[in-house]
Amino acid sequence: MARRRAEGLPAGFYDRPVVQVAEELIGCTVSYGECSGAIVETEAYHDSEPACHAFVGLTPRTETLFGPPGRAYVYRSYGIHALLNAVCEPEGVGAAVLIRALEPIAGIEQMRARRAASGAQRLGDADLCSGPGKLTQALGIELTENGGDLRTGPIRIEPRSEGWDHPVVIGTRIGITKAVELEWRFSVAGNRNVSRPRP
DNA sequence: CATGGGATTGACT
DNA sequence: GTCAATCCCATGC
C-alpha cells in the first residue's frame, strides 16, 4: 500500500458535531508556508452557547462561522492577536474549533524569528506556539487567511501521523466569561506546549 | 456616528 | 496576583 501523502483531512471530517471534531483534531498537523506543528490543544465553540461569536447570529463578522465546514475562521482578539479556528458542522450552523497550541515540527527558527520580532522575550521551543495568539504569530497567519480552505491551503490541516498515541485531557475553556462550565477544551496530557493554565 | 467589549499576551507589584 | 496595549465589529443613539 502506498504511503499516505501529506494531504488535508477528508471533506466530511469537519461536517460533524464540533466537540467531537475538537477532540479528534488533537494530534493533527497545521502547516503554513515552511512552518508546521502538531495540534496539542483545542476548544469547541457552538452558536447555541453565548461564548461563541456566532451566538449573535449571522453578521459580517460571523459569516465564515456559518459558512461551509473545513474553512479557516481567523479573527482579531483584543486588538492585537489573530486567532485560528476550523469551521465545523453543516453550512448554516455557526461552530468552530479554536486551535490553541501546537508542538513545533518544522520551520522552528522562522517561528522563533517571528516571535522575537513581535517582542517576545522567552523563545524556547515551548514558548513559540503555546497559546492561540502565539501560534499565529509564529506561523505568520494574518486575518487575510479568514475563509481559506483548510484542505487545500494556504493554511492546511493534515491527519495524525501513524502511531499517534497520547492521552487527551478534557477540561473547561479558558479566557471566556460566558458558558464557562462547558468542558469543551482538549489537550495532550503533560505536553509542554499546552497553554496556561494547564488542566 | 460613538461607545464598549473581548476565545491574549507580556510586563510588572 | 494586576494591568495595559490595540483593532474589529456589534450595538445603540
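Here is how names work: the chains are called A, B, and so on, in the same order as the sequence lines, proteins then strands, and each is numbered from 1. Since the model is a prediction, treat every value here as computed from it, not as a measurement. All values below come from the heavy atoms of this structure, side chains included, with hydrogens, waters and symmetry mates left out.
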So if I take every side-chain heavy atom of [X] and compare against [options], which nucleotide ends up nearest?
X	options	answer
Tyr75(A)	dA7(B), dA11(B), dT9(B)	dA7(B)
Leu83(A)	dT8(B), dG10(B), dG6(B)	dT8(B)
Gln121(A)	dG6(B), dA11(B), dT9(B)	dA11(B)

message = Take a 6.0 Å sphere around CZ of Arg192(A) and say whether it holds more than 12 heavy atoms from other residues, nucleotides or ligands.
response =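 Check fails, neighbour count at 12 or below.
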Output the rounded distance in Å from [atom1] ([X]) to [atom2] ([N]).
X	N	atom1	atom2	answer
Leu84(A)	dA7(B)	CG	C1'	12 Å
Arg173(A)	dT8(B)	CZ	C1'	16 Å
Ile174(A)	dA7(B)	CD1	P	13 Å

request  = For dA7(B) versus dG1(C), give the span between their C1' atoms, rounded off to a whole number of Å.
outcome  = 22 Å
ask   = How far, in whole Å, is dC3(C) from dG5(B) if one measures between their P atoms?
value =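 My reading of the P atoms in dG5(B) and dC3(C) gives 16 Å.
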Minimum-distance pair of heavy atoms, taken over all atoms of Arg151(A) and Ala11(A) =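 Taking every non-hydrogen atom into account, CD-N, 4.2 Å.
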message = For dG10(B) and Arg115(A) - does any side-chain N or O of the residue sit under 4.0 Å from the phosphate oxygens OP1/OP2?
response =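 Answer yes for this pair, as a side-chain N or O of Arg115(A) is under 4.0 Å from OP1 or OP2.
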request  = Please determine if a side-chain N or O atom of Lys178(A) lies less than 4.0 Å away from the OP1 or OP2 oxygen of dA7(B).
outcome  =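 Answer is no, no contact under 4.0 Å.
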task = Examine Arg16(A) relative to Phe13(A) and say whether NZ or CZ is less than 6.0 Å from the centre of the six-membered ring and inside a 45° cone about the ring axis.
result =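 So Arg16(A) does make the cation-pi contact.
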task = Kindly say whether Ile141(A) contributes a backbone atom to a donor-acceptor pair with the side chain of Thr136(A) at under 3.5 angstrom?
result =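 Checking the backbone N and O of Ile141(A) against the side chain of Thr136(A), no donor-acceptor pair under 3.5 Å is found.
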ask   = Within the distance-only criterion (no hydrogens, no angle test), does the side chain of Asp47(A) pair as donor or acceptor with the backbone N or O of Gly94(A) below 3.5 angstrom?
value = yes
key: dC1(B) pairs with, by Watson-Crick or G-U criteria that keep both distances under 3.5 Å   =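 Partner of dC1(B): dG12(C).
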query = Across all strands, who's sitting opposite dA7(B) as a Watson-Crick or G-U wobble pair, both distances under 3.5 Å?
reply =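 Checking every strand shown, dA7(B) finds no partner, since no pair has both distances under 3.5 Å.
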query = With a 4.0 Å cut-off on heavy atoms, is Leu98(A) in touch with a base, just the backbone sugar-phosphate, or nothing at all?
reply = base
inquiry  = For a quick check, with a 4.0 angstrom heavy-atom cut-off, what is the B/S/- contact string for nucleotides 2-13 of chain C, read 5' to 3'?
reply    = ---BBB-SSS--
